[in-house]
Peer 1: 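Questions regarding the structure given below will be posed in turn.
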2 protein chains.
Amino acid sequence: MSSTRDSAAAAGTPPPGSTQERLVISTQELLWERGYVGTSPKAILQRAGVGQGSMYHHFAGKSDLALAAIRRTADDMRAAAEEIFSAPGTAYDRVAAYLLRERQVLRGCPIGRMTQDRDVVQDPELRAPLDEMFGWLRHRIAEVLAEGQRHGELSDALDPSAVAASVAAVVQGGYVLARAAEDPAPFDAAVHGLLALLAAQTTPAP
Amino acid sequence: MSSTRDSAAAAGTPPPGSTQERLVISTQELLWERGYVGTSPKAILQRAGVGQGSMYHHFAGKSDLALAAIRRTADDMRAAAEEIFSAPGTAYDRVAAYLLRERQVLRGCPIGRMTQDRDVVQDPELRAPLDEMFGWLRHRIAEVLAEGQRHGELSDALDPSAVAASVAAVVQGGYVLARAAEDPAPFDAAVHGLLALLAAQTTPAP
DNA sequence: GTCTATATACCGATAGAC
DNA sequence: GTCTATCGGTATATAGAC
């Protein structure tokens, strides 16, 4: 008894190097590489270097462990994006910085990938972190754009939340195009196409 | 002997209602719903209503059947898109028609989905139809945009192939956002955001 | 051509020793 | 807490009867 697992995936960040931590990290990696359906508990255990029993001691099962891993990944992504959006600069600059930042294009988006996994999307608990992450992202980009409009940097004719959705979609769709081509070029093309359209809506500093 | 399977998935369209045809259609449906990893031969057979032996008579195995199904789906999608792009109207009209056409947004793109499947992307034969389909799509949209520029409908400042990639990416990324939210609204927002940006680049008829 | 039977491996989870 | 042993079920493919 005395299972650590009462709150299961709900637990905060476990100590670094701990068994839980290694399990979560292994799961994050495997979900990114193979998706939910393609990730087996066995593969997670092997990568983490622990036995079967450890996993079921700390987590209720595959989906519980996946939930912890997905939450962690979503939180990390949000933090990284927020750093860019809260930086100084015009709205265009910050959106451009987000679109142009270093990405492992051919690996795709670890959160976006989950939306293609039936078992994830159908489970409300597993889908929630995706919904929150992308909901936050679109909202945050819209805020940045609206701020640009208030500062007179950006055309008032634009609908910030629509353009924000376009920005987020171009990134996610760029990954799809790049993976189909096995080449990051279509991702870059899509980003630059959108940035050119957006640049045309900026007004030179008065 | 006398296997129909010599050319395997390479065969043209089999007779309607035939066993091969039912197998291909079932596979198309299941790949769309569950992806490659999530689709088992058993599930295909059950949906097609045929026995194990029939499948291995006509196809070399799961990947061979998947190849036939993916090719078929890609060909169908290309034909449907071409119908829109070759219709009369301005470049903006035709791109808008493509972006705004009826879609089963929450089901996602049957071809785009395959790019998230490790086993598909890593197999050159299975990836080829995806690459060809999206390569064609980006090229075709770029053609339409370039035509608009020649006709003086669209700003010459735009890079047609970059904007074409943005158009294709917004669709694919729109699916991702919609599935995360379990709501088609983000897809529609992304499309309208891009269309507004593009509309600003059109020149009123002289 | 189509079917059932069989084979080997892996899936996700549990039991219970240490 | 961690381990190994084990379970019933499925994945993918082959064998061989009809």
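Since the structure is predicted, the reported quantities are computational estimates derived from the model, not experimental observations. Every chain is numbered from 1, with letters handed out A, B, ... down the list of sequences.
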Peer 1: Which of these nucleotides, D:dT2, C:dT14, D:dT12, is closest to any side-chain atom of A:H58?
Peer 2: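 Nearest to the side chain of A:H58 among the choices is D:dT2.
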Peer 1: Rounded to whole angstrom units, what separation is found between the CE atom of B:M55 and the P atom of D:dA11?
Peer 2: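 Spelled out: CE on B:M55 to P on D:dA11 is 12 Å.
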Peer 1: Check step by step if side-chain hydrogen bond (donor to acceptor under 3.5 Å, both in side chains) holds for A:Q28 and A:T73.
Peer 2: CA-CA 7 Å; A:Q28 286 182 281; A:T73 300; 2.8 Å; yes
Peer 1: In whole Å, what is the span from the CG atom of B:L45 to the C1' atom of D:dT14?
Peer 2: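 Interatomic distance, CG of B:L45 to C1' of D:dT14: 14 Å.
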Peer 1: May I ask you to check whether over 12 heavy atoms, not counting those of B:E82, lie within 6.0 Å of atom CD?
Peer 2: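 Yes.
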Peer 1: Return the residues of residues 26-41 of chain A meeting this criterion: a heavy atom under 4.0 Å from some atom of DNA chain C. Order them by number, or give none.
Peer 2: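 The stretch gives A:T39, A:S40, A:P41 as the residues lying under 4.0 Å from the strand, ordered by number.
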Peer 1: For the residue pair A:Y36 / A:R113, report whether a side-chain donor-acceptor contact shorter than 3.5 Å exists.
Peer 2: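 Absent: no donor and acceptor within the cut-off.
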Peer 1: Under 4.0 Å between a Lys/Arg side-chain N and an Asp/Glu carboxylate O for B:R72 and B:E21?
Peer 2: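 A salt bridge links B:R72 with B:E21.
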Peer 1: Round to the nearest Å and state the distance from A:K62 atom NZ to C:dA13 atom C1'.
Peer 2: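 Answer to the nearest Å: 12 Å.
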Peer 1: Specify the separation, in whole Å, of atom CG of B:D64 and atom C1' of D:dT12.
Peer 2: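 In whole Å, D:dT12 C1' and B:D64 CG are 14 Å from each other.
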Peer 1: I need the CZ-C1' distance between A:R22 and D:dG1, as an integer number of Å.
Peer 2: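 So the two atoms are 12 Å apart, to the nearest Å.
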Peer 1: Of the candidate nucleotides C:dG12, D:dT14, D:dC3, which contains the atom at the shortest distance from the side chain of B:Y56?
Peer 2: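 Nearest nucleotide to the side chain: D:dT14.
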Peer 1: Does NE2 in B:H139 sit with more than 12 non-hydrogen atoms of other residues, nucleotides or ligands closer than 6.0 Å?
Peer 2: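 No.
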Peer 1: Taking only side-chain nitrogens and oxygens of B:T19, does any of them come within less than 4.0 Å of OP1 or OP2 of C:dG1?
Peer 2: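 No, outside the criterion.
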Peer 1: For the pair B:R22 (side chain) and B:A48 (backbone), establish whether a donor and an acceptor sit closer than 3.5 Å, ignoring hydrogens and angles.
Peer 2: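 Side chain of B:R22 to backbone of B:A48, a donor-acceptor pair under 3.5 Å: yes, one is there.
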Peer 1: Can you measure A:K42 atom NZ to C:dA13 atom P for me and round it to whole angstrom units?
Peer 2: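 These atoms are roughly 15 Å apart.
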Peer 1: Which one, C:dT2, D:dA5, C:dA5, comes nearest to the side chain of B:Q52?
Peer 2: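 Given the options C:dT2, D:dA5, C:dA5, the side chain of B:Q52 is closest to C:dA5.
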Peer 1: Checking the side chain of A:Q46 only, and the main-chain atoms of A:P41 only, is there a donor and an acceptor separated by less than 3.5 Å?
Peer 2: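 Pair absent, no side-chain N/O of A:Q46 close to backbone of A:P41.
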Peer 1: Can you identify which nucleotide, out of D:dT2, C:dT14, D:dA13, has its nearest atom closest to the A:H57 side chain?
Peer 2: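 For the A:H57 side chain, the nearest candidate turns out to be D:dT2.
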